[in-house]
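These notes concern the structure reproduced below.
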Amino acid sequence: MNFVGLFQSLDASQSTHAKRDALIAFLEQGDAVETALAVSLLTGRKQQRTLKPAQLKQVAGVLYQETPWLFDECYQAVGDLSETLAILCADGLQEANTQDPVLSAWSDLQQQLLQIHPDALPTALYTTLQQLSRDEAFLFLKTASGGFRVGVSRGLVHDALAKVTGMSRDVIDERLMDGLTVSQDWLSDLQRPLSDAEQHARPCPFLLAHPLPDNFESTLSPSDYVVEYKWDGIRAQLIKTDQIIRLWSRGDHDITTQFPEIIEAASSWPGQWTLDGEILIVRDEGLGSFHDLQTRLNRKRVTKPLLASHPARFRAYDLLKFNGVDLREQPLIKRKAHLDTLSVEQSPWHIHHSWLAISQMRAQSRSLGAEGLMLKAQDAAYQGGRKSGVWWKWKLDPMTADLVLIYAQAGHGRRASLHTDYTLAAWSENTLVPVAKAYSGLTDDELKTIDRWIKAHTTDKFGPVRQVEAELVFEIGFEGIARSSRHKSGIALRFPRILRWRTDLTPTDADSLSYFNELLEVAR
Amino acid sequence: MISKNTPSRDPLIQRTDKGLYCPQADVYIDPWRAVPRALITHAHADHARPGSSQYHCASESTGVIGSRLNTEHIVPHPYGESFQLNDIEVTFFPAGHILGSAQIRLHDGEQTWVITGDYKRTPDPSCKAFEPVECDVLITEATFALPIYRWPSMDEIMPRIFRWWDANIRAKRTPVLLCYSLGKAQRVMTEIAARSGRGVRVHGAVATLNTHYEAAGVPLCPWERAADAPKGVSQELVIAPPQVAGSAFLKRFGPTELAMASGWMQVRGVRRRAAINQGFVISDHADWNELLETIYQSNAHTVYATHGETRVLTRFLNETTAIKATRLETAFGINQELDQ
């Protein structure tokens with residue numbers, strides 16, 4: 001089986017069990033390089049983008065010289081650029097060969113396409129696609145444009161790898177944190193023990209929290225937990241050995257170069273260690289918002305003015321390794337005590353003996369710029385993954401607002417051709433100003449009903465976006481609010497999502513911008 | 001509203017609140033309300049609605065329309081045989097959509113209009129093949145008027161269905177193929193009969209229509225009502241309408257695997273939204289190329305597009321041909337969740 005066959009098996013099943021079996025069969029029977037590349041793709045690591053969406057779109061000019069708009073119509077109906085091109089260009093449904101590996105050859109082909117003169121690229125790409133089956137063309141484009149996704153979690157791939165190699169899932173998680181090196185021998189490399197130096201330079205799998213259960217007061221004992229603020233930043237591990245200092249985000253991205261001031265600060269902290277903590281923007285007047293932090297991400301160059309206006313700090317929660325010793329099996333309270341002895345910046349923590357005291361601490365968290373509390377079992381080891389009953393998060397209730405639907409756009413993927421992406425607005429005097437885009441939180445039935453309403457009440461169309469009559473009101477929830485000069489409304493909401501469709505409200509009942517300004521004052 | 005496109009002559013068709021109407025013949029075509037006299041292109045519910053006093057249709061449609069609309073006021077007409085309504089000559093031509101489906105040609109001695117109803121050009125052994133008809137004005141459907149809709153041949157699709165069917169037998173699951181109970185189900189059954197000796201089990205809604213197809217001499221594969229078959233996992237393919245997904249009907253089959261046969265299955269996101277693991281692209285509507293071929297063959301100077309992607313089709317024709325193309329709002333295709 002090659003990667004195309006694997007994709008077809010995965011795509012034709014919603015059962016986790018069947019997907020895992022398909023992965024195992026592929027890992028056992030597939031070509032070594034093919035399986036290595038496939039694992040990289042499926043776990044979302046090292047997705048190289050060789051072709052940009054704009055370059056893919058140029059094929060439209062080859063297909064429809066006279067009527068380029070026809071391609072846009074197709075794209076809108078399909079909701080995915082690669083799939084649209086695959087349908088329009090590929091040669092039928094059946095693969096010529098389902099055994100021979102494809103990924104390495106495709107990668108070469110993609111590099112060759114890059115060498116071609118830009119003017120000749122659309123025709124060359126079109127000719128390439130014509131020689132592939134529908135699914136091959138789709139996957140070729142998905143892998144070239146770096147947008148490959150299929151309904152398989154990283155954990156499921158790791159489970160299959162554990163089964164095939166006989167290694168434990170925890171070890172697989174840890175070994176693959178910084179990706180894998182593609183080679184004929186990658187599977188045996190994976191099973192080779194690491195040297196101590198290699199081991200200590202790697203991040204540990206992050207321990208993740210569960211939401212606090214509803215009946216926590218009767219089932220949990222408050223004094224069993226270390227209570228900390230849950231900062232609204234970027235969860236990260238800061239690693240220092242005698243050779244390197246690295247900063248890793250929870251998504252397994254090496255973000256060392258994005259935060260030079262943190263690396264510089266860490267270089268003066270004594271010892272060698274792995275710290276688990278949070279990256280935050282910290283100014284003299286207080287914590288920056290998550291929005292501030294976002295402006296620091298994914299930049300080619302971190303400029304001096306940016307470093308001055310958006311200074312970042314690392315606040316440690318936990319000490320995972322110290323001077324070559326792995327501390328993760330120790331109880332948290334011992335690691336905390338050890339961390340206290342180091343001169344590194346720490347997040348404050350407390351032990352409370354009543355839920356009342358903990359809830360009072362939670363009530364203060366918004367004014368401190370936190371998004372709630374973390375409750376971590378004092379006696380717990382640090383195990384990777386979302387382990388049950390070890391860490392709890394007790395977030396603040398989301399802030400809410402009632403907003404009016406003004407624009408709608410068709411979704412992508414599973415929601416293609418259904419209008420599910422909503423732009424929602426608040427009143428400013430007598431006009432409605434967009435303040436949030438949201439698309440999750442409604443049931444499939446509601447989405448269908450609203451889709452029909454949108455189609456029947458469209459007042460204007462701008463490409464794929466429909467302007468609709470101001471009539472439907474939705475209650476949205478959001479985790480944070482910040483001022484923003486990039487938004488017409490002057491505000492940016494964090495994680496806005498639809499809580500419910502307020503069929504009981506009319507647009508005049510919706511909130512106005514002054515309400516958001518009040519929230520901003522409270523958040524200060 | 002139509003008259004401005006053919007200014008020199010009276011139009012043969014107007015749009016009224018009851019449906020498309022020919023005043024000269026005093027007859028409605030596929031009316032969406034009860035009328036004294038109707039011409040019916042085919043028996044699907046969005047085209048053949050109950051309550052009218054008299055229904056003219058192609059002879060092969062009589063059984064299905066009679067039972068679906070519960071009426072005896074049907075006047076059957078053989079394909080190609082003209083009849084007069086006032087001064088208008090009316091003729092039914094095969095549309096290739098389902099058994100008895102027809103295009104309707106209206107001729108007043110001077111101009112000719114054709115209403116295609118729903119149609120397809122790909123071969124279908126369960127009904128008469130579409131016949132191109134020349135006309136001055138063509139009223140065409142546009143359900144799948146986008147270039148992404150290009151139907152694979154049944155020679156490509158049927159082996160995939162058999163492979164999927166066999167994989168389910170091996171996995172000890174009942175394969176359930178969801179498709180519209182009138183037309184699509186019988187088309188698949190004739191394709192199975194043409195390629196194998198295998199039998200199927202069908203939902204009651206499909207069974208009723210099967211008897212009409214067999215009465216018309218269509219060679220279906222062996223079938224029995226699912227309700228009459230023993231309970232438990234079935235190695236025979238089960239054919240049922242899409243509404244059974246998630247219903248009690250499926251419980252008798254043990255573990256099931258659902259697939260859907262529909263033109264909409266051409267798009268992955270649509271299949272996944274329907275929570276269907278496997279989609280087979282089989283449509284009884286014309287695809288993009290078939291629509292254009294039909295329009296060009298008709299030699300019509302004016303084209304009205306009625307339902308589906310009418311905006312795309314009319315814009316394409318207006319930009320690339322000398323044909324005058326206009327959208328025509330109708331009630332066809334409404335409440336049509338999936339391809340019929």
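Chain letters run A, B, ... following the sequence lines, proteins first and then strands; every chain starts at 1. This is a predicted model, so every value here is computed, not measured.
The closest donor-acceptor contact from the side chain of Arg466(A) to the backbone of Ala410(A) lies at 3.5 Å or more, if one exists at all.
Taking the six-membered ring wherever Trp is involved, the centroid distance between the rings of His44(B) and Tyr180(B) falls below 6.0 Å. Proximity of the aromatic rings of Phe144(B) and Trp151(B) is defined here by a centroid distance below 6.0 angstrom, and this criterion is met. Between Trp501(A) and Tyr422(A), the distance from one ring center to the other does not fall under 6.0 angstrom.
Only the backbone of Ile276(B) comes within contact range of chain A, with at least one heavy atom under 4.5 Å from a heavy atom of that chain. With a 4.5 angstrom heavy-atom cutoff, Pro152(B) touches chain A only via side-chain atoms. Contact of Phe71(A) with chain B is not made at all, since no heavy-atom distance falls under 4.5 Å. At a 4.5 Å heavy-atom cutoff, the contact between Gln266(B) and chain A is made by backbone and side-chain atoms alike. Using a 4.5 Å cut-off between heavy atoms, Gln14(A) touches chain B through backbone and side chain atoms alike. Of the atoms belonging to Arg160(B), it is side-chain heavy atoms, and not backbone ones, that fall under 4.5 Å from chain A.
Within 6.0 Å of atom NZ in Lys52(A), 12 or fewer heavy atoms from other residues, nucleotides or ligands are found, so the atom counts as exposed in its surroundings.
Counting heavy-atom pairs closer than 4.5 Å to chain A, the top residue among Arg271(B), Arg311(B), Arg315(B) is Arg315(B).
If you check the side chains of Asp284(B) and His97(B), you find no donor sitting under 3.5 Å from an acceptor.
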